Protein chains: 2
Amino acid sequence: MATPQDRQLVEQWRSIQTTYFRTAGAIDRALESRFNIGLTEFEILDLVAESADAACRMKQLGERTPMTQSAMSKVVDRLDKAGLISRHSCEDDRRSLFLELTDAGRALHRAAAIEHRALLKENLA
Amino acid sequence: MATPQDRQLVEQWRSIQTTYFRTAGAIDRALESRFNIGLTEFEILDLVAESADAACRMKQLGERTPMTQSAMSKVVDRLDKAGLISRHSCEDDRRSLFLELTDAGRALHRAAAIEHRALLKENLA
DNA sequence: CCAATTTATATGACGCGTCATTGAATGACA
DNA sequence: TGTCATTCAATGACGCGTCATATAAATTGG
């Protein structure tokens, strides 16, 4: 019933879960308390900061994160309301949006990224 | 600012996230549709099934999963209401509870575990 | 050029997890 | 023994993610 391979799979899975929760939790709490944004918000900022091109991005971003389309839409909405990001409708295809960091967003991302990388290093060792 | 080591950390982290979400999502949907329980519920069943001893377990279980005490309490509550688990207050320390699978719980666990292991195998390859 | 279909994003209802707190039992110790 | 601190579990308020759907724009086929 429970083969040794099964046990090993379960072990591996629990280890991934533990790492994931520990790391995500640590980052989330740190960003929340120091910058008032959650991990999810940071991850979108991080993705937008990474893509320097001016393509219609909302969609492409979705391909680079395990987030749902719905989740993304709401995170972006929060970031917009917080003044960290701006949404511009795309001329070529008016269904699409492309995103840009505001100055405040860029500054916050710069600071938060340091925290983020440090905690990754600490937790993924 | 973004050292190669930083990039590597971020890559590693995204890979963990992707694996985690893909796997958890797959298992969750499968268990939900076939057995009407979520991944979290299954994980508690699995832990209880594993520990054959009759110790006061609620607390110990908490040490074996990244779940919050609060989360555990609610999951156990759902499992109890679903008739899959029973809570007995502990004689020695009446603050503690210990948990036991009901027959239905044991049966469901047996069936769901097969699904669970198969999906782990599929996703953690 | 007009349906029918498909694609990009937004939104409302809902469930679950988290935080902070509560209640209850136990322990510590003067 | 009485008080104060600690520990275990449950709960209510709240926020976020998910699913199903809505809206709007673009594409496709006749």
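Source: prediction; values computed, not measured. Letters A, B, ... are given to chains in the order of the sequence lines, protein chains preceding strands, and every chain is numbered from 1.
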Qualifying salt bridge (Lys or Arg N to Asp or Glu O under 4.0 Å) pairs with a residue from residues 77-86 of chain A, counting only residues at least two apart or across chains: E41(A)-R78(A), D77(A)-K81(A), D77(A)-R87(A), D80(A)-R87(A)
Contacts satisfying disulfide (SG to SG under 2.5 Å) that involve residues 92-125 of chain A (not counting sequence neighbours) are none
Looking at DNA chain D, which of residues 77-96 of chain B put a heavy atom within less than 4.0 Å of it? R87(B), R95(B), S96(B)
Run the side-chain hydrogen bond (donor to acceptor under 3.5 Å, both in side chains) test against R106(A) and tell me which residues pass, sequence neighbours left out. none
Pairs involving residues 26-52 of chain B, ordered by first then second residue, that meet ring-ring contact (aromatic ring centres under 6.0 Å, His included) (sequence neighbours left out): F42(B)-H109(B), F42(B)-H116(B)
Which disulfide (SG to SG under 2.5 Å) pairs, counting each pair once, include a residue from residues 58-99 of chain B, with sequence neighbours left out? C56(B)-C90(B)
Contact residues, residues 61-70 of chain A to DNA chain D [heavy atom, < 4.0 Å]: T68(A), S70(A)
Could you tell me which residues satisfy salt bridge (charged side-chain N to carboxylate O under 4.0 Å, His left out) with R29(B), sequence neighbours excluded, listed by chain and number? none
Among all residues two or more places apart in sequence or in another chain, which pass the salt bridge (charged side-chain N to carboxylate O under 4.0 Å, His left out) test with R34(A)? E115(A)
Main chain of S15(B), side chain of T19(B): is a donor-acceptor contact present, judged purely on distance under 3.5 Å? yes
L97(A) CG to dA24(D) P, straight-line distance once rounded to whole Å: 14 Å
Tell me, please, the opening and closing nucleotides of DNA chain C, 5' to 3', among those with an atom under 4.0 angstrom from a non-hydrogen atom of chain B. dC16(C) to dT26(C)
Could you pull out every donor-acceptor pair under 3.5 Å between side chains of residues 66-73 of chain A and any protein atom, sequence neighbours left out?
none

What residues form a salt bridge (charged side-chain N to carboxylate O under 4.0 Å, His left out) with R95(A), not counting sequence neighbours? D93(A)
Where each residue is assigned the nucleotide of DNA chain C containing its nearest heavy atom, which of E41(B) and R29(A) is assigned the position nearer the 5′ end? E41(B)
